[in-house]
Every structure is written in structure tokens, then in C-alpha cells.
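Computed from a predicted structure; not experimentally measured. Convention: sequence-line order gives letters A, B, ...; per-chain numbering from 1.
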2 protein chains.
Amino acid sequence: MAGIRERARAEVVAEIVRLARVQVAESGAAALSLRAIARDLGMVSSAVYRYFASRDELLTRLIIDSYDRLGVAAQAADDAVRRRGDFAARWRAIAAGIRQWAVDNPAEYALLFGTPVPGYAAPLDTIGPASRYTGVLLALLADVQAGGRVPSDAAANLPQQLLVDVAALCGRLDLAIDDDLLAAGMVAWANVMGAISLELFGHLHNVIDTPCSLFEAVVVEHTGRLFPGTAAPIS
Amino acid sequence: MAGIRERARAEVVAEIVRLARVQVAESGAAALSLRAIARDLGMVSSAVYRYFASRDELLTRLIIDSYDRLGVAAQAADDAVRRRGDFAARWRAIAAGIRQWAVDNPAEYALLFGTPVPGYAAPLDTIGPASRYTGVLLALLADVQAGGRVPSDAAANLPQQLLVDVAALCGRLDLAIDDDLLAAGMVAWANVMGAISLELFGHLHNVIDTPCSLFEAVVVEHTGRLFPGTAAPIS
DNA sequence: TCACATACGAGAGCAGTGCTCTTGCTTTCG
DNA sequence: CGAAAGCAAGAGCACTGCTCTCGTATGTGA
């Protein structure tokens, strides 16, 4: 039994989320208005509260969905080149996939990686979906590890504390990745996200004419470090 | 002639800005309320509009001030070690100074580097103050250049387009810095800001226990690249 | 099948927001 | 000294999130 009422409810919820996403894409998350959604839906504003207890709850739902979409994009980028088995190519593809998703969905990216809404503590529901896109990168590192990588001197200059933290993370997530490789991966991840944020949030205006070139520089830089011997410059 | 009225006006403006900054620090920029400021000031809300034409104008003023403070912090960090003439130490000091300012003033940092307010195009007034903190880094690079640096192979893996963009920037700002050095500096800058953003916006929670270790890794990484031969690991 | 419980939409209303306009009063300047 | 400009106050508009109540429609257990 589908439950007629349940189906109807699910449809309304989906429609609310859809309209909310449109609104966020057009005017940003700060301008998200339950009343505007209600109007678009032909409902009175209080009726919307039957489906979402508050504006924050709707925002949380949007964040979860966006994390999911980002994860899917990253995974798709990896899948597209995985069969070739070239680790460096996979790294470049995943990074480029993340950036492309961000460029295509700037408002959603801002929702995830921009200023946290004040007083809005990201609920625990978001950490699961949030780990989806990072999981793609971790899977790559795990494959590198499984492929019998040669320990490099990448960790030589890493702060001791970072290796400690990474070891703790390794234990927490039960990862089969060497500390130095994981640490190098974390730095690479941080640098990639940083380059994307700088670009999308407008801090490269009048600085770098083609922001993607800075991004590529960052990606290439870590390609050589993460996968020694396979680095190749991108024109 | 001080102009009694002018002095009074300047004082009121300063008080508004002060209260606004407190409010931003406590509740975030999104919660900035002209009415609340008016209440704290013992004025009626419409009176505030004598001093700032709109909420956005007040926000712009806050942004400019924050950029200024960040610039001062970066400059002070540089000054503290400059007489030693050690480029690598200056780089580390400036980077650490920027991060420390961000950690001490998270709301202001979010104001500058977080999600751009939708529909709010950063006015031209902000680009001057914005270039103040980057100017500290550029000055360091210029000093390195003037010190007769040995061209390294840092640019070997850089995308060609980045060097083109950097050359354009060089011409625009009339900088006496080699393209490859400036490009490497841009990447270092992007990575540093990215690490700070990731940390301050909460994306390292449950990932890295001591976020500053990731930051230090990023800084050290570029120390070796920007100032060959002077790299020293930080425990 | 009937009665009960639940879900739902509508409406009014509260407290808050940014912003505008008008009304007087005060300070400044020609 | 009088005109002009600056200023604070108040009322008001349109909007927001959210709460409450009130009928009605819907699904379920007896």
C-alpha cells in the first residue's frame, strides 16, 4: 500500500525542495523564504510548516542534497577514468569534477563551503552526506596504497602533529592508507577546495584572468607529490 | 574649525560601526540589524539612515575596515621579523599572522572570505583595502626578487596560462617580480587562504584534531618552494 | 460501516526586519 | 538675522519566520 496520503506528502515535500533549490540558485541561501515558496506553491505560508518545522530544517535538507550531488559528481568523474587505472588521471579527474560541479552550481557550493549560517550548527545529519565526496578521494588513496606504492619523502617536511592527527583519523575511519600518504592527500584536498573557494567567491577578480589556471596549478602540483613519477604538466 | 556638527557626526558614525562590528562578531553578518543598532544607540531606526543610506552601505564599511585590520595584522607580522632579513621567516610570519587574525576574528574573516552576500556586488571601494594584505605578500616577493634570487624550477610544472595571467597582473600592478616567482606566490597565497577557510568554516571537524597542523603543512610546503634552500620543517 | 484520530490547509496574528516619508527642531552659514 | 541644511522622531509599508486556532478531509480500528 503506497498510502495515498504518504505519496501526496512526498510529492509536496519534493516540490518544496525543488522550489527552494531554485530560489537558492537565483538569490542565494540567505534569501530563502518559506513564504515565497508557499506562494509559488499556491499555499498559505503556515501550511508549509506541516512539511518542514523551520527554515533551518529546510536549509539542512538542501545542504544534505547538495552534498549528495557533489558526491555523485565526484564519483562520476572518477568512474569516467577509473578503468584506465591511472592514479594521477583519476586524481585530476576527481578534482576537476569537484570544481566543475562548483562552477555549475555556485549557490549550492556556497551553501556547503561558504560562511556557516550564524547560530546554525550543522546537524549531525549532514556529516554522512558530507563525507561522500571526500570518500571518493579516500578511495583513490586506498587504491594507491593497495597498488603497492613506494613510500616517498613527501612526509619529510610535514609537521609531526599533522601525522598524529592523520593517524587518529586513520584509526577512526579504519583506513588502510599510510599516514604520510593520507596527510599529503589532506593537504591536496585542502588546497583544491581553497582554490575553488577563492575563485567562486570572487577573490581572483582582477588578479587572475583565467581562474582555472590557478586551479590547475594546484592540481598539478599535488599530482607530482601524490603519485611520484606520473606528474605531467597540463598546458 | 573642527565643526561641532561634523565632530558629532563622526562620533555617531564611529559608534554605529562599533556596535555593528560587535553585532557581527556575536551573531554573524547575516543578522546585522540596523534597528537593533538604533536601539542600542537610543535612537529611532530611521535616524540611522542619516548616517548610512542602507544596510549594505554599512556592511561595505565593515568590510573595508576588516580588510584594513587584516592588512595591519599582516604588516605587523612581517615587521616583527623583517629586520632579520630571512625571507622564509617572513613568509611564515605573514602567513601565521593572517591565520591568527582570522582565528581571533572569525566573523570578520567570514565577512571577507565567506559567501558573498547575494545581490551584493562588492563595491569598488573595497578593492583598495583588499589589496593591503596581499600587498604585504607582494612586498616580500619583491624583496626576494631584489635580493637576486636564483631562478628555480618552480615554474616547470605550472600551467602556461597561469604564467600568462601572472604576467598580465605583473604589468597591471607594475611589479618587479619574475613571472614564475609571482605564480608560485599566488599558489602559495591561495593554499594558505584555503586552509584557513576550511578550518574556520568547520570543515576540519572530526577530520583533523589540530587544524593548525594542516595550516603549517601548507606553509612549510611553500616555504621550500618559494625560498629554495631555506626550508626547515616546523615540528 | 461507523466513529475516532490524525493530517491538512486556511486564516489571523505576533514580533521582527529594511526602508520611506513627513513633521518639527536645531545648528550652521550667508 | 533669516534662510538653508542637518537631524531625530514617528508613522507607515511590505516583507520575514513562526504560532495558534479552526473547520475539513482523510485514513484506520472496532
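- Whole-Å rounding puts the B:Y49 OH to D:dA11 P distance at 18 Å.
- The distance between atom CZ of A:F52 and atom P of C:dA7, rounded to the nearest whole Å, is 17 Å.
- With rounding to whole Å, A:M43 atom CE is found 16 Å from C:dA7 atom P.
- Classified by interplanar angle (parallel below 30°, tilted 30° to 60°, perpendicular above 60°), the ring pair A:W189/A:Y133 is tilted.
- If you run side-chain contact (heavy atoms from CB on, under 4.5 Å) between A:H222 and each of A:V218, A:V219, A:V220, only A:V218 comes through.
- B:S54 comes within 4.0 angstrom of the backbone, heavy atoms only, and of no base.
- Residue B:D104 places its CG atom among more than 12 non-hydrogen atoms of other residues, nucleotides or ligands, all under 6.0 Å distant.
- The side chain of A:A36 lies closest to D:dT16, out of D:dT16, D:dC20, C:dC19.
- In this structure, B:R50 atom CZ and C:dC25 atom C1' are separated by 12 Å, rounded to whole Å.
- Put simply, CD1 on B:I37 is 15 Å from C1' on C:dG16, counting in whole angstrom units.
- Rounded to whole angstrom, the span from the CZ atom of A:R9 across to the C1' atom of D:dT26 amounts to 14 Å.
- Salt bridge absent: A:R9 and A:E6 never bring a charged side-chain N and a carboxylate O closer than 4.0 Å.
- Taking only side-chain atoms of B:L34, from C-beta outward, the nucleotide of C:dC19, C:dC8, C:dT17 with the closest atom is C:dC19.
- A:L58 comes within 4.0 angstrom of no nucleic acid atom, judged by non-hydrogen atoms across all strands.
- Distances from the side chain of A:R5 to the nucleotides D:dC18, C:dT6, C:dA10 place C:dT6 closest.
- Nearest nucleotide to the side chain of B:R39, out of C:dT20, C:dT17, C:dC8: C:dT17.
- Computed from coordinates, the B:R7 CZ to D:dC7 C1' distance equals 19 Å when rounded to whole Å.
- Between the P atom of C:dG18 and the CG atom of B:L32 lies a distance of 7 Å, rounded to the nearest Å.
- Comparing C:dG9, C:dT20, D:dG17 by their nearest atom to the side chain of A:S33 picks out D:dG17.
- Under the 4.0 Å criterion applied to side-chain N and carboxylate O atoms, A:E199 and A:R99 are assigned as salt-bridge partners.
- DNA chain D is contacted by both B:R35 and A:S45; B:R35 maps to the nucleotide lying nearer its 5′ end (nearest heavy atom per residue).
- Side-chain atoms of B:S46 and base atoms of D:dG10 include a donor and an acceptor less than 3.5 Å apart.
- Residue B:Y51 places at least one side-chain N or O closer than 4.0 Å to OP1 or OP2 of D:dA8.
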